[in-house]
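Data block below; observations after.
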Amino acid sequence: MKNRRKLGGFSGSDVVLSWRTFFWFVVLFVFSFVLFSTMFVFKGKFRPVVRSSTMSFSTARAVLRESVTLSPAVSIREAVKLPEQTLVYLKYPRSLRLYSKDDLVCVFSDASKQRKEYPTAVDSDRFNGQIVRCPETPPGYNVSLAVSRWRADDRIPAGPTHRWDWLVYDAVIDLDNSTVVFVKGLNLRPGRVADVSRYECVYGWDFAKRNRLIRSDVISAAQEIIRCRTPLTVLDGPKSAHGPVKVSVRIKGGTGMLPSIARPGRIVNPPRRKPFEMCVCTMTRNAAAVLREWVMYHAGIGVQRWFIYDNNSDDDIIEEIRDLERLGYNITRHFWPWIKTQEAGFSNCAIRARSDCNWIAFIDVDEFFYIPSGQSLTSIIRNHTVSNTIGEIRTPCHSFGPSGLRNRPRGGVTEGYTCRVILPERHKSILRPEAMNATLINVVHHFHLKDEFTFADVDKDVMVINHYKYQVWDVFKEKFYRRVATYVADWQNDENVGSRDRAPGLGTRPIEPPDWAERFCEVNDTGLRDQVWERFKDDKTHRLIWEREEDEDRVKKASLAHTRIARHNKS
């Protein structure tokens, strides 16, 4: 009884009952919590929505009451309208997978209409982004992108769009820490140095914030190139959420500052001993069919490194370059979409090659060095550079014609074209990069040199360039379509019609003359062809080393098909 009283009047049965109540209360609480959580997950987060397969993306978003975008991390940095295409620059975070060409759709829109077209190509840039090559933007339209695997009304919004003819389009920090800026729109005269006092360079992350821009002096100005003193704050590489710093050019007392997409990258300092004695740089478009022969032939006479500046190719040149890389050739492709900028591109290439190459040649993919003696290119260079003051070697060119052919020669241009014009044309250059003038002026494949350097001419009996300039009509017609040189008129323009850069007697219309196959045939010259047969033909297969086995199979299949058709016609 005393114990019961100490328990405050509760009986033993009362104590047992209270513990049972507590136990069932806990069980009920846990069960309720689990049930409530499950209902919340299924009702809120995984709520089913019944909709048809044709429901628009915006309608689905309204039903789900969520803010859905294609990819909040991807944005259009800017775009550039060029003739025949628009370049759209995509900005990515480092963690995100880059889109392929098949993922994207170019969207052109105005106030009332919208057009969608697939891009022609997608290239990576050096800032972990992409350059999407869209078809030409119609007048009055804006360009943006959508992801093609989503049938969506939403798209990646358009960024600022620039005109191509008024733009700072590329830049690089040279080995002397100056910034070389490539500009379209200054219209400086070819081969002439301009007054530097008219210009200044401007650096910044946001050109709209004028109080945060860094200005610097111009060292030289010529053609499409401005060289600036790079501010120390830029050389130190300050970090910014906007990404790498941009550079532009301001015209003092004139039309102001040019729009810019140029983010200067640094050139790696060269090692004590450069890895390559002889390199080649070219600018080309749609050269997949001839690149293999051009690279393999020049490798056989001493070229060790190739820089390919791709000027908007839409053929298989990327795969062709990869094949050559797999075979061990040191060859790189540099996407250079800027039209009519060969001289600027060669300047860019010369700066980049200076870290790797003692000598670099600037020739086209239809041009081949021919050394009758069979020596290497490096031997010819050594023989012509006894003096350290020689900074450039100039080689004359012979222009070859169709040589009676009407179809592309199966063994390549060196084997197929053997008829040429008598007199040689202007020279092409092999350059010592250290000898370049700071202005980087170059016209028709040769550079202006520093005052302490001069050039040496090679006699045409020692070395000449076979320029397969006038090939069969189907090949020449592609060349007729567009020229890459800045200061050479396009074939179809009614200017400088009598220039030796044109095809004599052709005029400005791409119509095949009846006697095209027999034109430009004044001398039968089989020298390079005979040398190619001797040095580059496989003794077992009797094919030249650049001929593919599938080419022979294709010819055999075509021959069999022709035979079957002939038999059918006879019957």
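For clarity, every value in this text was computed on a predicted model and none was experimentally measured. Just the heavy atoms: all of them, side chains too, but no hydrogens, waters or symmetry mates, feed the values below.
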For Tyr468 and Asn466, run side-chain hydrogen bond (donor to acceptor under 3.5 Å, both in side chains): C-alpha distance rounded to whole Å, both residues' side-chain angles, the deciding distance at 0.1 Å, then the answer.
CA-CA 6 Å; Tyr468 299 101; Asn466 280 13; 3.2 Å; yes

Step by step, would you call Phe346 with Phe362 a ring-ring contact (aromatic ring centres under 6.0 Å, His included)?
CA-CA 7 Å; Phe346 279 174; Phe362 295 88; 5.1 Å; yes

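Using a 3.5 Å distance cut-off with no hydrogens or angles, the side chains of Asn177 and Arg229 do not pair a donor with an acceptor. For Thr341 and Tyr169, the side-chain atoms include no donor-acceptor pair closer than 3.5 Å.
Within the model, atoms CG of Asp474 and CG of Asn407 stand 7.5 Å from one another, a figure rounded to the nearest 0.5 Å. In this structure, the separation between CG on Asn312 and CH2 on Trp336 is 12.0 Å, given to the nearest 0.5 Å. Taking CD from Gln130 and OG from Ser100, the interatomic distance works out to 8.5 Å, rounded to the nearest 0.5 Å. Separation of atoms OG1 (Thr439) and CZ (Arg192) is listed at 13.0 Å; rounding is to 0.5 Å. Note that CD of Glu224 is 10.5 Å distant from CD1 of Ile226, once rounded to the nearest 0.5 Å. The distance from atom CD1 of Ile441 to atom OG of Ser347, rounded to the nearest 0.5 Å, is 9.0 Å.
Between Tyr470 and Phe520, the ring center distance clears the sub-6.0 Å criterion.
Asp515 is linked by a salt bridge (Lys or Arg N to Asp or Glu O under 4.0 Å) to Arg519, counting only residues two or more places apart in sequence or in another chain. Evaluation of the ring-ring contact (aromatic ring centres under 6.0 Å, His included) rule for Tyr92 yields Tyr99 as partners, not counting sequence neighbours.
Using a 4.5 Å heavy-atom cutoff, the side chains of Trp338 and Lys184 are not in contact. Proximity of Trp294 to Thr282: side-chain heavy atoms (C-beta onward) are separated by under 4.5 Å at one or more points. The shortest side-chain heavy-atom distance between Leu82 and Leu87 falls under the 4.5 Å cut-off. Ser429 places none of its side-chain heavy atoms less than 4.5 Å from the side chain of Phe447. Between Pro259 and Phe207 there is no side-chain heavy-atom pair separated by less than 4.5 Å. Side-chain contact between Asp314 and Asn286 is present, with heavy atoms from C-beta onward closer than 4.5 Å. For the pair His334 and Asn348, the minimum side-chain heavy-atom distance is 4.5 Å or more. In this structure the side chain of Leu104 reaches within 4.5 angstrom of the side chain of Leu90, judged on heavy atoms.
Smallest separation of non-hydrogen atoms from Gly185 and Trp166: O-CZ3, 3.9 Å. Taking each heavy atom of Gln471 and Trp516 in turn, the nearest pair found is O-NE1, 2.9 Å. The heavy-atom pair separating Pro409 from Gly416 by the smallest distance is CB-CA, 3.7 Å. Minimum interatomic distance between Leu145 and Cys134 (heavy atoms only, all atoms of both residues): CD2-SG, 3.9 Å.
Between Arg227 and Asp174 there is a salt bridge, since at least one side-chain N of the basic residue sits less than 4.0 Å from a carboxylate O of the acidic one. Between Arg285 and Glu478 there is a salt bridge, since at least one side-chain N of the basic residue sits less than 4.0 Å from a carboxylate O of the acidic one. Ion pair Arg97/Asp103 flagged as a salt bridge, since at least one NZ, NE, NH1 or NH2 atom sits closer than 4.0 Å to an Asp/Glu carboxylate oxygen. We find that Arg133 and Glu84 are not joined by a salt bridge, their nearest charged nitrogen and carboxylate oxygen being 4.0 Å or further apart. Checked for salt-bridge contact, Arg322 and Glu319 meet the test: a charged N lies under 4.0 Å from a carboxylate O.
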Ignoring hydrogens and angles, write down the donor-acceptor pairs under 3.5 Å from the side chains of residues 246-253, residues two or more places apart or on other chains.
{"unit_1": "Lys246", "atom_1": "NZ", "unit_2": "Glu78", "atom_2": "OE1", "d": "2.8"}
{"unit_1": "Lys246", "atom_1": "NZ", "unit_2": "Ser260", "atom_2": "O", "d": "2.9"}
{"unit_1": "Ser248", "atom_1": "OG", "unit_2": "Leu258", "atom_2": "O", "d": "2.4"}
{"unit_1": "Arg250", "atom_1": "NE", "unit_2": "Glu200", "atom_2": "OE2", "d": "2.6"}
{"unit_1": "Arg250", "atom_1": "NH2", "unit_2": "Glu200", "atom_2": "OE2", "d": "3.3"}

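In the displayed structure, Asp110 atom CG is contacted under 6.0 Å by more than 12 heavy atoms of other residues, nucleotides or ligands. Surrounding OH of Tyr118 are at most 12 heavy atoms belonging to other residues, nucleotides or ligands under 6.0 Å away.
In this structure, the side chain of Ser355 does not engage the main chain of Ala353 through any donor-acceptor pair within 3.5 Å.
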